[in-house]
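Below: the structure, in structure tokens.
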There are 2 protein chains.
Amino acid sequence: MAEHLNINTSTVSRALSEKSSEMISPDVVKRVRKAAQEMGYKQNAAAYALKVGRTKSIGIIIPDMMNPVFAPIVRGIHSVLNQYGYTAFLAYSENNASAAHTEVEKLISRGVDGIIYAAAFRTDSVVDLCKSHSIPLVLVNRVVDQGNVDTVKVDDSLGIEMAVGHLLDLGHRKIGFIAGPKNISVSYIRLRAFTQTMAEHDLEVEPHRIVEAHSLTEEGGEKAMSVFLGQNPDATALIASNDLIALGCFTALTQFGYTCPKRISIVGFNNMPYLDWFAIPLTTISIPHFQMGERSAELLLKRIDPESDDHYEEVLLKPKLIIRQSTAPVIRRKKKIAST
Amino acid sequence: MAEHLNINTSTVSRALSEKSSEMISPDVVKRVRKAAQEMGYKQNAAAYALKVGRTKSIGIIIPDMMNPVFAPIVRGIHSVLNQYGYTAFLAYSENNASAAHTEVEKLISRGVDGIIYAAAFRTDSVVDLCKSHSIPLVLVNRVVDQGNVDTVKVDDSLGIEMAVGHLLDLGHRKIGFIAGPKNISVSYIRLRAFTQTMAEHDLEVEPHRIVEAHSLTEEGGEKAMSVFLGQNPDATALIASNDLIALGCFTALTQFGYTCPKRISIVGFNNMPYLDWFAIPLTTISIPHFQMGERSAELLLKRIDPESDDHYEEVLLKPKLIIRQSTAPVIRRKKKIAST
DNA sequence: GTGAAAGCGCTAACAA
DNA sequence: TTGTTAGCGCTTTCAC
């Protein structure tokens with residue numbers, strides 16, 4: 001196209017670039033842009049990347065493609081990337097640390113300008129991997145124990161406080177907790193918040209009230225719930241570390257011939273899509289997925305920008321209690337039995 | 001790393017490449033690969049792409065990030081891409097033709113080697129766009145009217161035959177259909193299959209039995225269902241063009257004070273995740289999402305391979321009827337009323 | 001079997 | 001304001 005207009009390629013380059021077009025006579029700029037439009041010229045991304053060292057692409061890593069809570073996060077990310085001409089690779093780790101590491105390595109060798117990581121473990125090699133390659137990294141939802149990383153997360157403790165408060169309001173006192181794996185920040189924090197909040201209400205949580213699921217999935221929840229029910233015949237309520245675990249709890253409950261909320265009230269966490277349709281609509285803690293995506297993308301773009309100052313930021317978003325039908329006032333069976 | 005071993009960069013390049021390493025003495029190959037391993041050398045994707053003209057990346061475009069049926073398709077795609085060192089950009093069109101066109105343009109200017117397109121309309125500019133750029137394109141699920149495109153789809157007609165057969169078996173005769181937009185192949189084909197199958201059973205479908213939703217969404221289904229119920233007080237069963245529309249039908253049904261399956265049986269299409277949990281578990285047609293993803297990725301990779309012959313392929317997969325509780329035997333109210 | 005050198009398409013420093 | 005030129009990191013023809 002340069003030869004077509006009898007001008008140098010560098011002039012064309014400058015005319016097309018927003019920044020350097022100011023150094024070029026306005027009519028040349030106009031002519032070049034018109035020609036580019038007409039012949040459908042598109043900048044070669046590979047050449048640009050090779051020259052400038054930036055690809056205008058980022059990588060997103062989520063733990064699980066099938067967990068519908070990540071869809072709105074990804075949408076949030078895209079919504080801001082689009083405004084800045086960035087594109088995203090999407091990868092998933094299947095909740096496996098080494099798979100995540102491999103995916104990040106692949107992304108880095110693809111030359112992504114940054115990574116949004118929603119699949120972190122509390123200690124995670126991905127952080128150092130990115131640091132050693134000087135690749136900007138933003139953690140969403142799940143964070144790591146070590147500091148010095150940009151993060152966007154929800155106030156999990158507040159969420160659990162809300163859940164506990166709700167159950168206390170309904171009269172529950174014998175409340176259990178199905179935790180997720182301790183090596184994931186959200187599981188860890190939610191569990192800690194549970195015992196703390198209970199303690200603040202002068203309710204000591206005995207160890208048998210807490211069962212740890214091996215993963216944040218339906219299957220993990222089901223197994224853990226079986227154990228829980230075996231050792232907690234008297235519990236009237238329960239908080240699950242996330243919605244998927246809560247679903248697993250439903251399954252185990254059914255296997256035991258019990259019903260929710262009649263026998264036991266259950267609160268989830270995340271407010272995944274379609275819960276309203278469920279046979280037992282799950283009371284849960286809603287987190288602002290879309291906004292989390294937006295904020296993390298904004299943060300990452302800021303960090304990619306060489307102009308920006310480089311101290312880490314931590315965005316903390318507020319959860320919300322969504323009351324549905326899986327929680328109900330406690331029925332004081334025990335007392336009646338005791339009084340007979 | 002070349003200078004580190006005192007050999008030429010071209011030797012390094014050859015040693016690292018699977019194909020050209022045969023031209024190099026085995027011990028040099030070994031030394032180079034070991035060194036590459038140790039110093040964590042990773043090929044620069046941009047330079048490779050610029051030189052060779054292939055990026056080893058593809059683009060995936062789905063209509064809707066929030067529709068959970070696309071997650072397993074994307075997983076299927078990834079599962080084969082991973083085996084061949086390919087990576088995928090994921091974009092979505094929000095069911096908007098021009099948005100899809102723009103996304104494809106972006107992907108092409110990123111230099112993707114091919115595109116998997118799950119968001120096609122029956123006539124869609126994306127096909128010509130890819131043709132004009134000589135970018136391999138595979139259509140999944142939704143296809144276009146024009147031929148000469150690689151496609152992976154489900155036998156929608158067979159699916160509808162199964163649905164109709166199921167309802168007939170239950171004794172239903174007054175069966176309605178909530179169609180999706182006619183400009184999307186799956187909606188169009190499913191509707192056509194419905195009237196044809198009914199006709200084959202000597203059941204003429206009167207026009208008021210069919211209502212077209214403006215989109216394949218809950219909201220579209222709800223509005224269409226309101227219309228349908230207004231003009232079909234006697235219908236005992238209904239097929240929805242997809243599950244989301246069926247959910248919308250549930251909503252409208254509730255608004256009218258009716259219940260499913262007591263008042264009307266409903267069959268969906270797609271077998272989206274979590275249906276088993278629903279208050280009214282939806283009878284639906286299951287399609288092999290994961291396999292669709294796999295097959296489309298295989299097809300695309302084959303088309304990208306310059307060695308391959310270039311006649312188009314059309315993969316047709318089989319659906320399956322999943323019977324749940326949204327369908328039940330017809331109750332012959334009418335006859336009783338008539339006999340009074 | 002290996003080295004030398006060209007060039008993919010672009011941008012930016014340097015000249016003019 | 002515009003042209004000239006070098007070079008990003010890689011592969012690949014052409015020599016040897």
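Chain letters run A, B, ... following the sequence lines, proteins first and then strands; every chain starts at 1.
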Original post:
Rounding to a whole Å, what distance do you find between A/Ile24:CD1 and C/dA12:C1'?
Top reply: 12 Å
**OP:** Answer whether the closest heavy-atom distance between the side chains of B/Arg303 and B/Tyr312 falls below 4.5 Å.
**Re:** yes
Original post:
Do A/Arg110 and B/Thr87 get their side chains close enough for a donor-acceptor pair, meaning under 3.5 Å?
Top reply: yes
**OP:** Among D/dT12, C/dC10, C/dG7, find the nucleotide with the atom closest to the side chain of A/Tyr41.
**Re:** C/dC10
Original post:
The side chain of A/Ala47 lies closest to which of these nucleotides: C/dG1, D/dT13, C/dG9?
Top reply: C/dG9
**OP:** Provide, to the nearest angstrom, the distance between the CD atom belonging to A/Gln43 and the C1' atom belonging to C/dC8.
**Re:** 15 Å
Original post:
Between atom CG in B/Asn44 and atom C1' in C/dC10, what is the gap in whole Å?
Top reply: 14 Å
**OP:** Ignoring backbone atoms, establish whether B/Ser20 has a side-chain N or O less than 4.0 Å from OP1 or OP2 of D/dT11.
**Re:** no
Original post:
Can you find a pair of side-chain heavy atoms, one from A/Val144 and one from A/Leu139, that are under 4.5 Å apart?
Top reply: yes
**OP:** Could you check how far CD of A/Glu22 sits from C1' of D/dT2, rounded to whole Å?
**Re:** 16 Å
Original post:
Whole-Å distance between D/dG7 C1' and A/Leu50 CG?
Top reply: 9 Å
**OP:** Taking only the side-chain heavy atoms of A/Asn8 (C-beta and beyond), determine which of C/dT11, D/dT4, D/dT11 contains the nearest atom.
**Re:** D/dT4
**OP:** Could you tell me the separation between the CZ atom of A/Arg14 and the P atom of D/dT1, rounded to a whole number of Å?
**Re:** 11 Å
Original post:
Is there a side-chain contact between A/Ser98 and A/Asn96 (heavy atoms, below 4.5 Å)?
Top reply: yes
**OP:** Please state how far atom CZ in A/Arg31 lies from atom P in D/dT1, giving the value in whole angstrom units.
**Re:** 15 Å
Original post:
Which nucleotide in the list C/dA4, D/dT11, D/dT2 gets nearest to the side chain of A/Thr11?
Top reply: D/dT2
**OP:** Decide yes or no, distance alone: a donor-acceptor N/O pair under 3.5 angstrom between the base of D/dT4 and the side-chain of A/Ser10.
**Re:** yes
Original post:
How are the rings of B/Tyr92 and A/His78 set to each other: parallel, tilted or perpendicular (split at 30° and 60°)?
Top reply: perpendicular
**OP:** Using whole Å, report how far CE of B/Met23 lies from P of D/dC14.
**Re:** 13 Å
